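Note that the coordinates shown come from a computational prediction; the quantities given were computed from them, not determined experimentally.
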Amino acid sequence: MNALAATNRNFQRAARILGLDSKLEKSLLIPFREIKVECTIPKDDGTLVSYVGFRIQHDNARGPMKGGIRYHPEVDPDEVNALAQLMTWKTAVADIPYGGAKGGIGCNPRDLSISELERLTRVFTQKIHDLIGVQRDVPAPDMGTNAQTMAWILDEYSKFHGHSPAVVTGKPIDLGGSLGREAATGLGVVFATEAWLNENGKAVSDQTFAIQGFGNVGTWAAKAIFERGGKVVAVSDITGAIKNPNGIDITALLKHKETNGNLTEFQGAEIMDANEVLVHECDVLIPCALGGVLNKDNAADVKAKLIVEAANHPTDPDADEILSKKGVTILPDIYANAGGVTVSYFEWVQNIQGFMWDEEKVNRELKKYMSKAFLDIKAMCKIHDCDLRMGAFTLGVNRVARATLLRGWEA
């Protein structure tokens, strides 16, 4: 089941539980606007080449739309639609005043030089500048884009609209980016985990963790777990997988990753099969990589009692069913990985005020938002007698539906 079908299914289940009017339900699913533009640029060798850029703006009932821009050769419109919709529910769960959007350009950034990427980003911005904006739609980095991409968008947008640092988030610190933004998703994952553990009378320090995916999110999550005395017993990324039943020294592993890059050559752990990480003996499993990694083939073998979805859509619906029968708790992606967009919101707020926070304040506020969202989800679970995924979806959908009704959606 692809991301769009799964997101739609979750939305429809939430709408049924909430008893939403069928017309309202239908109008909440339809995107507000879909933009498609041709971006033609001269390559470094003088030839002309054209790429398709697009932006899907899903909903703006609760505030400006927010979501990433990805540069990827296979940008599937269905998937982007699902991700834009997911951002609408995610921002509502975190209770930040945004709606959802997503966009990108169908290109392979590895095949383009830095100057070609800059030209492409500027042309794309020229084509959509009047459809994005501080109070309209605020892009952020995603696959294949980074802080530099955001800097180019900011510069190009500002040529039309005057200096507007709040038009994008995930910027370099020197251009108004927020401290703590890089660690935000990984740290948010740990705050979410702590919220659940605290509620069940446990602490990070008495749990073992397996982390699948050791990119930005996985490394920051592992670091925060290690600092809190938790044992990370297995880690994997594209280079391979390692395990150590007594806990891996994450500080040493991060140093090794910086110098060597290959996990399997790390001295303080044994090599293991990368597919085994998901079913490894541990208390908490954190998938931080791709979608659909937990499915009907491996779900029955999962040993963890808690799964924290740091990736988008790592558990497919079949696995969901198998795991809930086994009594495994899942902290859903729509909540667990909302740390990134929450700190993006803090960046936007700081830019609008023209007043920057220190990192301690950013992390303190992030913890506050993640803890409150968990309590809000638990309250929905109690009212509707449902699992955490439906608790989060009903919370998000209900907030958007209420805002839509209050604004007068039939007028």
Side-chain angles (χ1 to χ4, degrees), residues 1 3-20 25 28 82 85-86 88-95 188-202 207 209-210 212 278-279 282-288 291-296 298-339 370-401:
M1 186 180 272
L4 183 63
T7 306
N8 280 349
R9 183 173 123 159
N10 284 327
F11 168 77
Q12 270 141 4
R13 280 178 60 195
R16 258 206 317 279
I17 291 171
L18 292 164
L20 289 191
E25 177 182 339
L28 285 177
Q85 193 200 124
L86 209 53
T88 298
W89 317 133
K90 185 180 291 186
T91 49
V93 168
D95 206 13
V189 164
V190 176
F191 288 149
T193 309
E194 279 186 317
W196 185 86
L197 290 172
N198 291 345
E199 216 220 356
N200 291 277
K202 301 173 180 172
Q207 303 290 300
F209 297 80
Q212 189 238 1
L278 294 164
V279 296
C282 64
D283 299 315
V284 183
L285 169 65
I286 309 183
C288 303
V293 292
L294 289 166
N295 48 47
K296 61 175 190 295
N298 59 9
D301 301 324
V302 169
K303 319 251 185 334
K305 297 170 220 32
L306 174 66
I307 296 171
V308 184
E309 295 188 330
N312 277 321
H313 192 60
T315 318
D316 78 6
D318 295 331
D320 239 353
E321 231 160 272
I322 297 167
L323 291 163
S324 81
K325 282 199 185 100
K326 281 183 63 169
V328 178
T329 303
I330 300 176
L331 279 183
D333 52 1
I334 181 179
Y335 161 63
N337 65 28
M370 293 302 288
S371 309
K372 182 176 179 304
F374 181 72
L375 296 175
D376 292 345
I377 291 169
K378 287 299 288 188
M380 287 304 257
C381 293
K382 212 167 172 174
I383 295 168
H384 298 296
D385 186 27
C386 57
D387 64 5
L388 290 166
R389 190 183 307 283
M390 267 309 111
F393 262 89
T394 50
L395 176 66
V397 172
N398 193 40
R399 280 180 174 153
V400 179

Problem - Straight-line distance of Leu278 CG to Ile286 CD1, nearest 0.5 Å - result: 12.5 Å
Problem - Chi angles and distances behind the side chain to side chain contact (heavy atoms under 4.5 Å, CB included) call for Leu28, Leu20 - result: CA-CA 10 Å; Leu28 285 177; Leu20 289 191; 3.9 Å; yes
Exercise for the section: Enter the distance from Leu331:CG to Asn337:CG here, rounded to the nearest 0.5 Å. Expected result: 11.0 Å
Practice task
Could you pull out the closest heavy-atom pair between Pro287 and Val308, with the gap in Å?
Solution key: CD-O, 3.1 Å
Handout entry: Minimum side-chain heavy-atom gap Thr193-Phe209 below 4.5 Å
Key = yes
Problem - Where Met370 and Gly188 come nearest, the two heavy atoms and their spacing - result: CE-O, 3.4 Å
Practice task
Supply the atom-to-atom distance Ile330 CD1 to Ile307 CD1, rounded to the nearest 0.5 angstrom.
Solution key: 5.0 Å
Practice task
Return yes if some donor-acceptor pair links the side-chain N/O of Lys303 with the main-chain N/O of Cys282 below 3.5 Å, else return no.
Solution key: no
Problem - Least distance between heavy atoms, Arg9 atom then Pro317 atom - result: NH2-CB, 3.4 Å
Practice task
Identify which one of Ile322, Thr315, Leu294 satisfies the side-chain contact (heavy atoms from CB on, under 4.5 Å) criterion when paired with Val302.
Solution key: Leu294
Problem - Close side-chain approach of Ile17 and Phe393, heavy atoms under 4.5 Å - result: no
Practice task
Write out all pairs satisfying side-chain hydrogen bond (donor to acceptor under 3.5 Å, both in side chains) with one or both partners inside residues 383-397, taking only residues at least two apart or from two chains.
Solution key: Glu309-Arg389, Asp320-Arg389
Practice task
For residues Met390 and Met380, determine if any side-chain heavy atom of one lies less than 4.5 Å from a side-chain heavy atom of the other.
Solution key: no
Completion exercise
For Ala92 and Val400 the tightest heavy-atom approach is CB-CG2, 3.8 Å
Handout entry: Between OG on residue Ser371 and CG on residue Asp376, distance to nearest 0.5 Å
Key = 11.0 Å
Practice task
Please report the closest heavy-atom contact between Ala311 and Cys288, naming both atoms and the distance.
Solution key: CB-C, 3.8 Å
Problem - Donor-acceptor contact present, side-chain Asn298 to main-chain Val293, <3.5 Å - result: yes
Handout entry: Sub-4.5 Å side-chain heavy-atom contact between Tyr335 and Leu388
Key = no
Handout entry: Those residues that, when tested against Lys326, pass side-chain hydrogen bond (donor to acceptor under 3.5 Å, both in side chains) (two or more places apart)
Key = none
Problem - Atom pair CZ (Arg13) and CG (Asn10), whose distance is rounded to the nearest 0.5 Å - result: 6.5 Å
Completion exercise
Rounding to 0.5 Å, atoms NZ (Lys372) and CG (Asp95) come to a distance of 5.0 Å
Practice task
Would you sort out whether Lys296 and Glu321 count as a side chain to side chain contact (heavy atoms under 4.5 Å, CB included), showing the intermediate values?
Solution key: CA-CA 9 Å; Lys296 61 175 190 295; Glu321 231 160 272; over 6 Å; no
Practice task
Taking side-chain hydrogen bond (donor to acceptor under 3.5 Å, both in side chains) as the test, write out the residues that go with Thr91, two or more places apart.
Solution key: none
Practice task
Specify the closest pair of heavy atoms between Pro332 and Ala392, including all atoms of both residues, with the distance to one decimal.
Solution key: CG-CB, 4.0 Å
Problem - Side chain to side chain, Thr7 and His313, heavy atoms closer than 4.5 Å - result: no
Handout entry: Test item: Leu306 and Lys202 side chains (from C-beta on) under 4.5 Å apart, heavy atoms
Key = no
